[in-house]
Amino acid sequence: MSDHEQPLSQTTEDLLAAAVGAIGGTTRPGQLKMAQAVTRAFERERHLAVQAGTGTGKSLAYLVPAILHAQRTKTTVVVSTATIALQRQLVERDLPRLADALEPLMERRPTFAILKGRNNYACLHKLSLPEDAPEALIEEDNLSRIGREVKRVAEWAQETETGDRDDLVPGVSDLVWRQVSVTSSECLGAARCPHGDECFAQLAREEASKVDVVVTNHALLAIDALSDVNILPEHSAVVIDEAHELEGRITSVATNVISARALTLAARRAGRIGGDKDVLEGVIEDVTLALAAEQPGRWETIAEPARAAFAALSAALRKTYDAIAEPRPGESENDPETFAERGNLKNHLADLAGAVDRILSVFDEEDVTKHRDVVWLTRSERDEDSVSVAPLSVSALLRTSLFDASPVVLTSATLTVGGNFDAMAAAWGLPAGKWDHLDVGTPFNPAKAGILYTAKHLPAPGREGLSPATLDEMAELITAAGGRTLALFSSRRAAEQAANEMRARLPFEVFLQGEDSTGALVDAFAKSENSCLFGTLTLWQGVDVPGSSLSLVIIDRIPFPRPDDPLLQARAAAADAAGRSGFMEVSATHAALLLAQGTGRLLRATGDRGVIAVLDNRLVTKRYGQFLRNSLLPFWTTTDPAVVRGALTRLVAK
């Protein structure tokens, strides 16, 4: 026990039992085992990776130790999630019930708060601007379309206690919300803002600094790790739920993009506050022409015209920055709007210049493949060319910014790849010898409750869409299941093709992702027992439909990443160069995690039964198939379609 800890007589076991009892449940062995391991990790200041399958009750298994640790040490514990759905579950359901249950057993009632990025909160200053202000909230051509919505938000802002976008019902579009919120770089700062004392974002941060548990998201966790300024409150430990998403979210935040559109907008903004927009506009054409001469994809070398254009762009960005750094003669330094725009643009120009320099630095090395960043050109028929730069790996960043600071617990239903934690630990940068791992399993019996069927007789998936034989197989399986099917596809095109075919062939209603909001479609599917839901990537994770509405999960093909993804290509090449298998480390690992998530949609409650049908014979015919199967729950397996159809028919008959 460290010097600042205070004795607290209750144990994790006592508190967990009270919490579970209060919600009318019973403590599960896996849940207790996880809670004890999390408690030890906090006490010993060691990192912990925990795989906890569906039904374990992992939220309580980390929240109880987190609250106990926070109150013992008089500190705060940060809990980070990847999805809004889990954030809401924690803040609106789990933590309030937990606080009620634990209050009689603790020195004081457990406290908690949610913390989001500043742009998730309405900005009172922006809402107070007169409609004829120079930076009016609503652009003239959009006034009739969104004016009423902005007015509704303004009225709501006078009543709400949080200003949180998620508390606004019904919600508004992204376009409207941008008119009533600010990013961190646009904010005037509490000291200069006329509404600083009542700022929703500031109040949320102040509240977060005083509670036991702060719930946030991976993006804000990443910004905190990357920024020189502390975004999150001081904390003694971190819990990362949905940890299989951590690497991707950190990579996204650490990626910079340069495009002609962004540069043109920056030049125009500079002109409006006294800068010479011609300085920046004068180099944009050269950048555009240089990019047009290049092929899309990863840059392992840089052509001289592109290098020269980026060097000139770097100089122009700095010159523009210097020109707008100080107020113009006669300009009131107390004008909050001009001050905000100047500060915001300075930050934006600095970010753009930093990105350009980061791109150029990649090609200063003799061997680009050894550089820590990857550069690639994206060309789109709808959008203009853009150049991106992203970290080859985020492991070093996480090691120094996250794991060196405090004990971290990482948990998810899917963390083991190929049967162990090694791949995820390497991607995260967990320091050797300073972390433990635990798989607490699942309360279900996958071998008795679920069948993993691989359609070995079907042709291997091709690039021309779903084959006639695959569509026939799909129709036969759905018919045997009486609908009740969640079909997961690797592409939008395949999902649409299958939905159109099944609607023509079968009597069951087929919901297709994109034809309504995902939440509405999942609700409709859950309420209509004989319906089907077809969709792509977002449905592979987070869909929770227990009971008889879901008896069959169809997966059209192994979800390998796109072979032309420049960043994953670079990561695979780096693994090959180091003597490892780039395919297994990158592509197969990506596919294994997504397969584990997709197959995890089947068993969501103890009484669930059903079939997972993988219509890709490579799961059993290729050498890597065993690696992928080892990443899944131990379902009963078969390749016999007659056996599976019979099982589904019997299930419907019950």
Side-chain angles (χ1 to χ4, degrees), residues 49 51 243-248 250-252 255 295-300 367-376 378 388 390-396 412 414-430 452 454-456 458-464 488-491 494 536-537 540-541 555-599 614-632 637:
Q51 179 162 282
H244 61 281
E245 294 269 16
L246 181 63
E247 181 190 21
I250 298 286
T251 299
S252 178
T255 299
Q295 292 299 312
R298 185 187 179 191
W299 284 3
E300 295 193 39
D367 187 352
V368 170
T369 62
K370 293 182 179 178
H371 200 278
R372 64 180 182 274
D373 279 334
V374 180
V375 176
W376 69 91
T378 301
S388 302
L392 180 63
S393 167
V394 297
S395 59
S412 170
T414 51
L415 288 186
T416 58
V417 179
N420 60 63
F421 290 87
D422 296 347
M424 297 305 295
W428 294 327
L430 277 170
L452 176 62
T454 306
K456 186 178 179 181
L458 291 179
R463 296 182 179 179
E464 304 305 317
L488 304 174
F489 296 88
S490 55
S491 71
T536 54
L537 189 60
W540 287 69
Q541 308 177 65
I555 294 174
D556 73 323
R557 63 193 298 160
I558 296 170
F560 289 118
R562 288 171 54 102
D564 59 351
D565 184 303
L567 183 56
L568 296 187
Q569 279 181 343
R571 288 176 173 174
D576 288 336
R580 306 187 302 274
S581 167
F583 171 76
M584 294 303 294
E585 190 169 304
V586 178
S587 295
T589 293
H590 177 281
L593 284 170
L594 207 46
L595 266 181
Q597 287 286 318
T599 57
V614 180
L615 309 185
D616 186 340
N617 63 24
R618 294 175 296 175
L619 191 63
V620 292
T621 60
K622 296 295 185 182
R623 288 173 57 188
Y624 55 75
Q626 186 64 53
F627 172 84
L628 298 176
R629 296 196 301 276
N630 286 346
S631 305
L632 310 181
T637 60

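What you see is a predicted model; the values in this text were computed from it and never measured.
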Open item on the list: For Asp564, give me all partners under salt bridge (charged side-chain N to carboxylate O under 4.0 Å, His left out), at least two apart in sequence or on another chain.
Closed with: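 So Asp564 forms a salt bridge (charged side-chain N to carboxylate O under 4.0 Å, His left out) with Arg562.
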Closest contact, heavy atoms only, [X] versus [Y]:
X      : Y      : answer
Ala588 : Phe560 : CA-CE2, 4.1 Å
Asn617 : Pro459 : ND2-C, 3.9 Å
Thr414 : Ala596 : CG2-CB, 3.2 Å
Leu568 : Pro561 : CD1-CB, 3.3 Å
Ala591 : Ile558 : CB-CG2, 3.8 Å

With sequence neighbours left out, what residues match [X] under side-chain contact (heavy atoms from CB on, under 4.5 Å)?
X      : result
Ser581 : Phe583, Met584
Val374 : Arg298, Trp376, Leu392, Leu567, Ala570
Arg580 : Ala575, Ala578, Glu585
Ser490 : Asp556, Arg557

Open item on the list: What's the separation between atom CE in Met424 and atom CG in Leu593, rounded to the nearest 0.5 Å?
Closed with: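 CG of Leu593 is found 5.0 Å from CE of Met424.
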TODO: Working to the nearest 0.5 Å, report the span between OG of Ser631 and CG of Leu415.
DONE: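 Atom-to-atom, Ser631:OG and Leu415:CG are 11.5 Å apart.
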Less than 4.5 Å apart, any side-chain heavy atom of [X] and any of [Y]?
X      : Y      : answer
Phe627 : Val417 : yes
Leu537 : Leu594 : yes
Glu245 : Ser412 : no
Thr251 : Arg571 : yes
Leu595 : Ile555 : yes

Task: With Thr589 via side chain to side chain donor-acceptor pair (under 3.5 Å) - residues at least two apart - done: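 Scan of Thr589 (side chain to side chain donor-acceptor pair (under 3.5 Å), adjacent residues dropped) gives none.
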Output yes when a side-chain donor or acceptor of [X] lies under 3.5 Å from a complementary backbone atom of [Y], and no otherwise.
X      : Y      : result
Gln569 : Pro563 : yes
Ser395 : Trp428 : no
Gln51  : Thr416 : yes
Arg618 : Ala460 : no

